[in-house]
Amino acid sequence: MTTTSSAPGKVYLFGEHAVVYGEPAVPCAIERRAHVTVSERDDDRLRVSAGDLSIDGFTVEYSGATDDAPDVDVPAPIVEAAMGYVDEAVEQARDAANAPGAGFDVEIDSEIPLGAGLGSSAAVVVAGIDAATRELGVHIDARELADRAYQVEHEVQDGQASRADTFCSAMGGAVRVEGDDCTTIGAPDLPFVVGYDGTSHDTGELVAGVGALREEFGFAADTVSAIGDLVRRGEAALADGDVETLGRLMDVNHGLLSALGVSARTLDNMVWAARDGGAVGAKLTGAGGGGSIVALDDGDGAETALSLTPDCEEAFRAELAEEGVRAE
Ligand code: PMV
């Protein structure tokens, strides 16, 4: 048998980094999905092929058992990171289905660039656990899936993970995450535009950098709590469908993330290009350092301005994905 699931990537409307310190965050799922296809093997091995996991304009084509040394010419850390998530996702599926000896062929096909703040790893993990459990004849609901996917990220990222990405990818739509408290919230169909600089970042390193800043300069903690206040204000604007205020708050959020040292020249250039192109607001999304920005613009000015910006490798409009994980 063969089973395929898909799950969406996400952008942060507000609240990344501060969410690590217990403040709320609002990520939104976007219509860029990771598809994972699994078929059960008759031994206990795991064989993974992952075409089109693009990073730095580079395509990973890995095909090999995870317990063998990769025999392809791709940077080891990329293969290791991607395969670490798949290994742990399969482990969760084995546990959920009470099938410790199950082996799989796994094929990953993702439209979400890796390590770019767009939730690629969460989408692969959520879709992977869903496909592998269904392949074993077990159905787990989206909340349990989100929880198991969070355990995977927590494990692979050495404890540096919030529930935001995995919950958002499993449930779809806009969500609110504050500590262990995760809820779906209503949102209008926001006119997201994404700019991607073609690079990837190390989320763990960036999270650690904010921690170090807070330790050295106590007042950086005030910046983190200001982000929390902004998110609460943003939730009200979201409920009212007040896109103008959402945009202004995104601009403030970007400034506060800059103050925490997680922006980058490429991200700032893309943020300004989007604003100059007519976006009502723009900010970096995810851990920062490089990767992606998200803007709100219901015309095509921001997307055009981004595509003319040398630091922007790819600009695209991203619809809110109402549906989270789904069987394909
Ligand atoms: O860049 P991403 O998609 O890994 O997002 C990281 C978001 C942080 O708030 C910085 C960390 C987290 O786990 O919430």
Side-chain angles (χ1 to χ4, degrees), residues 7-30 32 34 53 55 77-78 81-82 84-85 110-126 146-147 149-170 175-182 192 194-214 220 223-225 227-228 230-231 253-254 256-264 266-267 270 283-294 318:
K10 62 100 222 325
V11 291
Y12 273 90
L13 192 54
F14 307 116
E16 54 273 87
H17 283 288
V19 70
V20 173
Y21 297 94
E23 300 291 352
V26 178
C28 297
I30 56 167
R32 281 248 161 165
L53 286 179
I55 186 167
I78 297 173
Y85 287 106
S110 178
E111 307 159 352
I112 313 161
L114 277 180
L118 298 174
S120 58
S121 59
V124 166
V125 170
V126 166
D147 187 57
Y150 165 68
Q151 305 300 338
V152 170
E153 290 222 325
H154 196 266
E155 180 69 27
V156 179
Q157 293 169 204
D158 294 327
Q160 311 255 31
S162 73
R163 291 181 178 272
D165 284 28
T166 41
F167 185 74
C168 186
S169 186
V175 307
R176 178 188 200 276
V177 174
E178 185 170 5
D180 287 339
D181 186 17
C182 304
F192 291 126
V194 174
Y196 166 50
D197 72 2
T199 72
S200 65
H201 58 223
D202 181 333
T203 298
E205 233 170 66
L206 287 147
V207 169
V210 172
L213 193 79
R214 272 173 50 111
T223 304
V224 169
S225 57
I227 293 176
L230 173 157
V231 176
N253 200 161
H254 184 74
L256 294 172
L257 286 164
S258 257
L260 292 176
V262 298
S263 193
T266 54
L267 299 176
M270 290 194 291
K283 61 182 278 296
L284 68 86
T285 173
S292 306
I293 64 124
V294 58

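Numbering of ligands and ligand atoms starts at 1, following listing order. Bear in mind that the values here come from a model prediction, so they are computed numbers and not experimental data.
- For ligand 1, the atoms lying closer than 4.0 Å to a non-hydrogen atom of Thr203 are 1 (O), 2 (P), 4 (O), 6 (C).
- Under a 3.5 Å cut-off, the side chain of Ser169 and the backbone N or O of Gly9 do not form any donor-acceptor pair.
- Listed by number with element, the atoms of ligand 1 under 4.0 Å from a non-hydrogen atom of His17 are 8 (C), 9 (O), 10 (C).
- Within the 3.5 Å criterion, the main-chain N or O of Pro24 finds no donor-acceptor partner in the side chain of Glu178.
- Annotation: the span from Ser121 atom OG to Ile112 atom CD1 amounts to 9.0 Å, rounded to 0.5 Å.
- Looking at Ala164 against ligand 1, nothing comes within 4.0 Å, counting heavy atoms.
- Distances shorter than 4.0 angstrom do not occur between any heavy atom of Glu153 and any atom of ligand 1.
- An N or O contact shorter than 3.5 Å links Ser162 to ligand 1 by distance.
- For ligand 1, the atoms closer than 4.0 angstrom to any heavy atom of Lys10 are 3 (O).
- Between the Asp165 side chain and the Lys10 main chain, no donor and acceptor come within less than 3.5 Å of each other.
- With respect to atom 7 (C) of ligand 1, the closest heavy atom belonging to the protein is Tyr12 OH, 3.6 Å.
- Contacts between Asp165 and ligand 1 below 4.0 angstrom, taking non-hydrogen atoms only, involve the side chain exclusively.
- The contact set between ligand 1 and Glu16, taken as ligand atoms under 4.0 Å from a residue heavy atom, comprises 9 (O).
- The ligand atoms of ligand 1 that sit less than 4.0 angstrom from a heavy atom of His201 are 1 (O).
- Considering backbone and side-chain atoms together, Ala287 places an N or O closer than 3.5 Å to an N or O of ligand 1.
- Shown here are the ring pair (Phe, Tyr, Trp, His ring centres under 6.0 Å) partners of Phe167, two or more places apart in sequence or in another chain: there are none.
- Glu16 CD to Glu23 CD: the interatomic distance, rounded to the nearest 0.5 Å, is 13.0 Å.
- Thr223 contributes no side-chain N or O that, together with a main-chain N or O of Leu256, makes up a donor-acceptor pair within less than 3.5 Å.
- Between the NZ atom in Lys283 and the CG atom in Leu267 there is a gap of 10.5 Å [rounded to 0.5 Å].
- With ligand atoms numbered from 1 in the order given, ligand 1 contributes 9 (O), 14 (O) to contacts under 4.0 Å with heavy atoms of Val19.
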